[in-house]
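Residue numbers start from 1 in every chain, and the chains themselves are labelled A, B, ... in the order their sequence lines are given, proteins ahead of strands.
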Number of protein chains: 2
Amino acid sequence: MEARRDVFQAIADPTRREIIGMIARQPVNVNTIADQFDVSRQAISLHLKILSECGLLHIKQSGRERLCEVKLEKLNEVHEWVQQYKKMWTGKLKALKAFVEQEELQSKKADAPIKKQSKKIRNGKS
Amino acid sequence: MEARRDVFQAIADPTRREIIGMIARQPVNVNTIADQFDVSRQAISLHLKILSECGLLHIKQSGRERLCEVKLEKLNEVHEWVQQYKKMWTGKLKALKAFVEQEELQSKKADAPIKKQSKKIRNGKS
DNA sequence: ATAATATGCAAGTATTTGCTTACAAATATA
DNA sequence: TATATTTGTAAGCAAATACTTGCATATTAT
């Protein structure tokens, strides 16, 4: 059962993403988390273990209870990875926008009667 | 084999993340991608299928080749999800910083020689 | 037309995942 | 102390994953 254990893997599961959302604001103990889901406590326990193994969760023992606190900073790894591509896709969108605007400008120019030149010159589809 | 198929799942696999990185700048055909990896072409083909099924990849047929183009915008889903938490964790950091600064201020006030008081009072290492 | 190339699809396998039930251990409460 | 509560660990299982090898199909080049 020695598997790859990283943040990307951890957040791939929708239940685990829900757990993160559930405890993002304040630490919650295991049973309280489990009660929110249809699956067994043990199943949730395993999810918590996975979150914990990749550093997304810190479990603080408090008597017989365990308070689960999410370490949101760990998500920075994902943020950074996505961010590099966000730059690219927004860059592309900007470039596209610029291109479209440039085209508009050109076609306006083309449409506009050009000073001292017959319009007939530019009429075939190039 | 009808499985959950979403972006989070797709980027969970390191090979798929590598593929994304590989074709982020320009579309690449299947074999060229496969050549970069140790695993078989068929294995890569499956990864591409998964990426495609969740909308991260667009495959354009070009003769007998298939150009794989990544749809980076699809990563926005991940970006948004992480972003909401980034706000929280940076918020917490800001709050912490503010708290620490406030504490510093307080302790300086306490340490600070009161007007008209000899400087000698502050000479120990604090 | 024939051979080479690019790729998909199918079958088979080992590993991992997500879950369940059953049992054990530690702590709190009556 | 006896009992209830909170949680972990272990065993078992079905489904999904990540691969592999082998074969089929469409294009392109000779």
Task: Donor-acceptor under 3.5 Å (B/Arg16 side chain, B/Ala10 main chain) - done: yes
TODO: Find the distance B/Ile44:CD1 to D/dA18:C1' and express it as a whole number of Å.
DONE: 11 Å
TODO: Provide the full list of salt bridge (Lys or Arg N to Asp or Glu O under 4.0 Å) pairs with a residue in residues 75-84 of chain A, sequence neighbours left out, each pair given once.
DONE: A/Lys74-A/Glu77
Task: Interatomic distance where CG belongs to B/Asp6 and P belongs to D/dT17 [whole Å] - done: 10 Å
- [ ] Indicate for each nucleotide in nucleotides 22-28 of chain D, in 5' to 3' sequence, whether protein heavy atoms under 4.0 Å reach the base (B), only the sugar-phosphate (S), or nothing (-).
- [x] B----BB
Open item on the list: So B/Ser45, base contact, sugar-phosphate only, or nothing? Heavy-atom distance under 4.0 Å.
Closed with: sugar-phosphate
Open item on the list: Go nucleotide by nucleotide along DNA chain D from the 5' end; which of B/Arg16 and A/Leu67 gets its closest nucleotide reached first?
Closed with: A/Leu67
- [ ] Whole angstrom is fine here: how far is it from CZ in A/Phe8 over to P in D/dT17?
- [x] 19 Å
TODO: Answer yes or no: does a side-chain N or O of B/Asn29 lie under 4.0 Å from OP1 or OP2 of C/dT7?
DONE: yes
Task: Full working for side-chain contact (heavy atoms from CB on, under 4.5 Å) between A/Trp81 and A/Val7 - done: CA-CA 11 Å; A/Trp81 186 81; A/Val7 185; over 6 Å; no
TODO: Tell me whether the OP1 or OP2 atom of D/dA16 has a side-chain N or O from B/Arg5 closer than 4.0 Å.
DONE: no
Task: Proximal nucleotide (of C/dG18, D/dT6, D/dC19) relative to the B/Ala43 side chain - done: D/dC19
Task: Nucleotide D/dA18, atom C1' - distance to CG of B/Asp38 in whole Å - done: 14 Å
Open item on the list: Is it the case that the side chain of B/Gln61 and the backbone of B/Gly63 share a donor-acceptor pair, with hydrogens and angles ignored and the cut-off at 3.5 Å?
Closed with: yes
- [ ] May I ask you to verify if any side-chain N or O of B/Asn31 is less than 4.0 angstrom from the OP1 or OP2 atom of C/dT7?
- [x] yes
Task: Atom-to-atom span, NE2 of A/His47 to P of D/dG8 - whole angstrom - done: 14 Å
Task: Pairs where residues 31-42 of chain B contributes a residue and the test side chain to side chain donor-acceptor pair (under 3.5 Å) is met, not counting sequence neighbours - done: B/Asn29-B/Thr32
- [ ] Might you work through the side-chain contact (heavy atoms from CB on, under 4.5 Å) test for B/Ile44 and B/Thr15, ending with a clear yes or no?
- [x] CA-CA 9 Å; B/Ile44 296 299; B/Thr15 302; 4.2 Å; yes
Task: Side-chain donor or acceptor of A/Asp6 paired with backbone N/O of A/Gln9 under 3.5 Å - done: yes
- [ ] Please determine, for the side chain of B/Ser40, which listed nucleotide (C/dG8, D/dT20, D/dA18) has the closest atom?
- [x] D/dT20
- [ ] Take the protein atom CG of B/Leu46 and the nucleotide atom C1' of C/dG12, then report the distance between them rounded to whole Å.
- [x] 14 Å
TODO: Calculate the interatomic distance between B/Leu57 atom CG and C/dT7 atom P; express it in whole Å.
DONE: 12 Å
Task: B/Asp35 CG - C/dT5 P separation (whole Å) - done: 12 Å
Open item on the list: Between B/Gln61 and A/Gln61, which residue's closest nucleotide on DNA chain C lies nearer the 5′ terminus?
Closed with: B/Gln61
